[in-house]
2 protein chains.
Amino acid sequence: MIIQLEPQSDIPIYTQLTNQIIEGIATGFLQPGHSLPSVRALAADLGVNMHTVNKSYHELEKKGIISIIPKSGAVVRPRKEISQEAGHAERIFAALRPVIAEALVVGLDQQQIEKQLISIIHDLKEIKS
Amino acid sequence: MIIQLEPQSDIPIYTQLTNQIIEGIATGFLQPGHSLPSVRALAADLGVNMHTVNKSYHELEKKGIISIIPKSGAVVRPRKEISQEAGHAERIFAALRPVIAEALVVGLDQQQIEKQLISIIHDLKEIKS
DNA sequence: TGTTTGTTCTATAAAATATAGAACAGTTCT
DNA sequence: AGAACTGTTCTATATTTTATAGAACAAACA
């Protein structure tokens, strides 16, 4: 899986990493049960600090997307386990709201937003590799 | 217009303010041509620092949503002026992508996301006062 | 003519971000 | 059993971001 980090971005490295791992799961590249690289291995691979990767993994765990087994490793949780938990929709829709508000203010209409939504979903749903 | 800031939030105060002003414009509460309060007045009203409000206004200006007239004040830009500018869609859809990816990973399907999208739009489109 | 405006500057403090290195104890593998 | 690897925890440092505070300025405004 190719991960591209931009150190110059205003988005923190650990957030970029978190988002790309989520995308990796969404696309099916990282499947349920899959082990993630160790924090040290991935840090070395990406050229960042171990603690930065660790922070990303814990963010993913907080979101309920992966399980961190102490002294062992991190694993993508089964889809059913993830979806069983409550609070996901609230968190995500709360993040969605300001984006939609801005879209409307800059003149995008419901059709355009829906079209892009579908485009993103189709793009992610294409299982790569 | 009621603005509620949460100092304890992980979202910076100036970002919260920016988002709520955008919502205010989306709902029609703040209409094109409307003057925003002076940075001092709003800061005093909200109980935050002048520079925090100033940063929010400049964020809104950077997004192309308001005009800051030096030594005079800040004004909501006309809708046509805003939508004429390029780059809006790219910026917004880039912000949309990680949210959608997480939604899919958590088990939300296209229908549910679309339903919520429409719900948010309808909620914002209701002109309040 | 005062008042208000955004602007600019210095200053300070706390929190967030990122890196670095070390040590620990449990896990995994040979 | 032993070696390698794992996440965890700790100290440390540096930079950036966030937020506040106060002062001064010149243009705009009433």
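Below, chain A is the first sequence line, B the second, and so on; all start at residue 1. The shown structure was predicted, so the numbers you read here are calculated from the model rather than taken from an experiment.
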Check the distance between [N]'s [atom2] and [X]'s [atom1] and give it to me in whole angstrom.
| X | N | atom1 | atom2 | answer |
| --- | --- | --- | --- | --- |
| Leu60(B) | dG6(C) | CG | P | 13 Å |
| Leu36(A) | dT6(D) | CG | P | 12 Å |
| Leu5(B) | dA19(D) | CG | C1' | 13 Å |
| Glu6(B) | dA19(D) | CD | P | 13 Å |
| Arg40(B) | dA24(D) | CZ | P | 13 Å |
| Met50(B) | dA21(D) | CE | P | 11 Å |
| Asn49(B) | dA15(C) | CG | C1' | 17 Å |
| Ile69(B) | dT5(C) | CD1 | P | 13 Å |

Between dT5(C), dT17(C), dA23(C), spot the one nearest the side chain of Pro12(A), thanks. dT17(C)
Testing dT20(D), dG7(D), dA23(D) for proximity to the side chain of Ile68(A), the answer is dG7(D)
Member of Arg77(B), Arg79(B), Arg91(B) meeting the salt bridge (charged side-chain N to carboxylate O under 4.0 Å, His left out) criterion with Glu85(B): Arg77(B)
On the side chain of His51(A), is there an atom forming a donor-acceptor pair with the base of dG21(C) - under 3.5 Å, no angle test? yes
Tell me if the side-chain of Lys71(B) makes a donor-acceptor pair with the base of dG6(C), cut-off 3.5 Å, by modelled atom types. yes
Of Val99(B), Leu108(B), Leu117(B), which is the lone residue that meets side chain to side chain contact (heavy atoms under 4.5 Å, CB included) with Phe93(A)? Leu108(B)
Test Leu60(A) against every option in Ile25(A), Thr18(A), Val76(A), Ile68(A) by the side chain to side chain contact (heavy atoms under 4.5 Å, CB included) rule and name the one that passes. Thr18(A)
N or O in side chain of [X] less than 4.0 angstrom from [N] OP1/OP2:
| X | N | result |
| --- | --- | --- |
| Asn54(A) | dG7(D) | no |
| Lys55(A) | dT17(C) | yes |
| Thr52(A) | dT17(C) | no |
| Ser38(A) | dT6(D) | yes |
| Ser72(B) | dA27(D) | no |
| His58(B) | dG6(C) | no |

Decide yes or no on side chain to side chain contact (heavy atoms under 4.5 Å, CB included) for Leu104(B) and Ile113(B), but give the supporting numbers first. CA-CA 9 Å; Leu104(B) 293 178; Ile113(B) 300 170; 4.2 Å; yes
Which part of the nucleic acid does Tyr14(A) contact within heavy-atom distance under 4.0 Å: base, sugar-phosphate only, or nothing? sugar-phosphate
For side chain to side chain contact (heavy atoms under 4.5 Å, CB included), just list the numbers for Leu36(A) and Leu42(A), CA-CA rounded to whole Å, side-chain angles, deciding distance to a tenth of an Å, and then say yes or no. CA-CA 9 Å; Leu36(A) 297 178; Leu42(A) 186 52; over 6 Å; no
Helical bend (five base pairs per end, nearest 10°) for the helix from dT1(C)-dA30(D) to dT30(C)-dA1(D): 40°
Could you check whether any side-chain N or O of [X] sits under 3.5 Å from a backbone N or O of [Y], counting only pairs where one atom can act as donor and the other as acceptor?
| X | Y | answer |
| --- | --- | --- |
| Ser119(B) | Lys115(B) | no |
| Gln112(B) | Asp109(B) | yes |
| Thr27(B) | Leu124(B) | no |

